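Both counts, for ligands and for their atoms, begin at 1 and track the order of listing. For the single chain, residues carry numbers from 1 onward in sequence order. Here the structure is a predicted model, which is why all the values come from computation and not from measurement. Atoms considered below: every heavy atom in the structure, side chains included; atoms not considered: hydrogens, waters and symmetry mates.
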Amino acid sequence: RPGCTRIPVVVHVVWKTTAQNISQAQIDSQIEVLNRDFRKRNPDVSGVPAAFSALAADGRLEFALATRDPQNNPHSGVIRVQTTRDSFGSDDAVKRAATGGSDAWPSDEYLNIWVCQLSGGLLGYAQFPGGPAATDGVVITHTGFGTTGSAATPFNLGRTTTHEIGHWLNLRHIWGDDGTGCSGSDFVDDTPNQGGPNYEVPTFPTISCSNGPNGDMFMNYMDYVDDRAMFMFTEGQVTRMHACLDGPRSAIGE
Ligand code: ARG
Ligand code: ZN
Ligand code: CA
């Protein structure tokens with residue numbers, strides 16, 4: 001898949017308190033982060049250790065707020081819905097007007113991003129390719145969305161959305177989702193085998209599963225570290241995301 005793919009985005013802001021009704025500036029800051037992170041234009045990519053730097057890849061994806069609604073009328077790409085719900089869980093209620101949320105736009109034309117108050121410290125969650133259209137997209141808690149407004153440290157660099165869009169494009173967690181074992185795989189060849197998730201801001205090298213001397217690629221967007229500690233996708237991950245765009249998500253993008 002040569003060149004760049006542009007993905008139209010619709011942001012559903014589902015709010016109860018005014019803090020949850022995030023500003024256009026906060027939304028724009030998130031789109032800007034995506035356009036850096038998925039083009040390897042994020043300045044902090046310079047922090048990738050030399051041992052991994054040849055693997056850091058340009059995702060060749062661009063994101064833009066939709067300029068048309070599904071009926072082809074001009075639109076801002078932002079939907080604001082007031083809700084009576086204090087918070088949402090991972091049960092997809094936020095994705096339906098009937099359950100206090102906002103209905104998805106057609107997932108073959110748009111990436112749906114719901115921004116709301118998630119409960120229990122959940123930063124975000126995603127639907128992998130192949131699921132129902134009505135719930136397709138990613139959900140991000142407003143305090144982990146963008147870089148300004150209600151975005152709160154240490155998740156205020158927009159990386160939760162980068163991570164969840166990785167899942168939406170079929171990326172698995174870098175440790176292989178097997179707890180802390182060494183048998184799980186992310187089905188990507190150029191990421192080191194890794195035991196479990198890393199958190200906060202690890203120091204290099206962090207070794208698990210006999211993956212020395214370089215250890216875990218904890219600075220990958222698909223680990224669980226703080227926003228300021230994650231800053232790369234690999235070539236293999238980009239290949240997997242583009243295979244998704246050539247396969248189950250081939251309708252989206254121009
Ligand atoms: N699904 C993960 C969670 O809610 C997202 C982790 C994102 N990590 C980050 N540094 N922003 O726990
Ligand atoms: Zn995840
Ligand atoms: Ca593992």
Side-chain angles (χ1 to χ4, degrees), residues 26 29-30 32-34 36-38 42 44-45 47-48 87-92 94-95 113-129 131 135-148 150-202 206-212 214-234 236-237 240-241 244:
Q26 189 169 347
S29 75
Q30 181 63 66
E32 194 172 315
V33 166
L34 296 176
R36 287 185 185 159
D37 288 356
F38 283 89
N42 50 302
D44 54 358
V45 76
V48 175
S87 64
F88 292 89
S90 55
D91 64 355
D92 292 337
V94 73
K95 302 175 180 178
I113 302 181
W114 288 269
V115 182
C116 63
Q117 179 68 60
L118 287 172
S119 56
L122 183 63
L123 293 168
Y125 70 98
Q127 183 168 298
F128 283 92
T135 51
D136 197 45
V138 305
V139 183
I140 312 291
T141 202
H142 70 99
T143 53
F145 191 77
T147 63
T148 188
S150 69
T153 189
F155 303 112
N156 62 341
L157 297 180
R159 261 66 194 258
T160 300
T161 312
T162 301
H163 174 107
E164 300 306 338
I165 293 174
H167 287 313
W168 182 77
L169 291 169
N170 209 28
L171 295 187
R172 307 295 185 93
H173 290 134
I174 192 165
W175 66 91
D177 290 309
D178 60 339
T180 56
C182 297
S183 58
S185 175
D186 62 357
F187 309 106
V188 172
D189 286 337
D190 60 3
T191 55
N193 187 31
Q194 173 174 323
N198 291 287
Y199 296 99
E200 299 176 331
V201 184
T206 292
I207 294 170
S208 67
C209 299
S210 312
N211 63 10
N214 302 324
D216 295 357
M217 191 187 277
F218 60 79
M219 68 296 305
N220 193 282
Y221 294 124
M222 300 317 290
D223 207 326
Y224 264 3
V225 294
D226 285 352
D227 278 15
R228 71 181 173 97
M230 53 168 61
F231 29 73
M232 68 176 286
F233 289 117
T234 67
Q237 287 174 318
R240 191 170 163 90
M241 290 192 280
C244 175

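Smallest separation of non-hydrogen atoms from Gln30 and Gly144: OE1-O, 4.4 Å. Among all heavy-atom pairs drawn from Gly181 and Cys209, the shortest one is O-SG, 4.1 Å.
Counting only heavy atoms from C-beta outward, the side chains of Met241 and Leu171 approach each other to under 4.5 Å. With a 4.5 Å cut-off on side-chain heavy atoms, Arg228 and Asp44 do not count as touching. In this structure the side chain of Asn211 reaches within 4.5 angstrom of the side chain of Ser208, judged on heavy atoms.
Looking from atom 4 (O) of ligand 1 to the surrounding protein, the closest heavy atom is Leu123 N, 3.0 Å.
For Arg172 and Phe128, the positive end sits near the middle of the six-membered ring, less than 6.0 Å away and at most 45° from its axis.
Of the angles at the Zn ion (ligand 2), the one spanning NE2 of His167 and NE2 of His163 is 100° when given to 10°. When rounded to 10 degrees, the angle formed at the Ca ion (ligand 3) by O (Trp175) and OD1 (Asp178) equals 90°.
Residue Glu164 has at least one heavy-atom neighbour below 4.0 Å for each of these atoms of ligand 1: 1 (N), 2 (C), 5 (C). For ligand 1, the atoms lying closer than 4.0 Å to a non-hydrogen atom of Leu122 are 4 (O). Annotation for ligand 1: atoms under 4.0 Å from non-hydrogen atoms of Asp227 are 9 (C), 10 (N), 11 (N).
The Ca ion (ligand 3) has an N, O or S atom of Gly195 inside 3.0 Å of it. The Ca ion (ligand 3) has an N, O or S atom of Gly181 under 3.0 Å away, backbone or side chain. Among the atoms of Gln194, an N, O or S atom falls under 3.0 Å of the Ca ion (ligand 3).
Any N or O atom pair closer than 3.5 Å counts here, and Thr160 shares at least one such pair with ligand 1. Ligand 1 has no nitrogen or oxygen under 3.5 angstrom from a nitrogen or oxygen of Met230. At a 3.5 angstrom cut-off on N or O pairs, Val225 counts as close to ligand 1.
Proximity of Tyr125 to ligand 1, defined as any heavy-atom pair under 4.0 Å, is not found for any part of the residue.
Ring geometry, His167 versus His173: the interplanar angle exceeds 60°, so the pair is classed perpendicular (tilted spans 30 to 60°).
Summary: NE2 is the N/O/S atom of His173 found nearest to the Zn ion (ligand 2).
With rounding to the nearest 0.5 angstrom, the OG1 atom of Thr153 is 7.0 Å from the CG atom of Asp226.
Under 3.5 Å, the side chains of Asn156 and Asp227 contain no donor-acceptor pair of N or O atoms.
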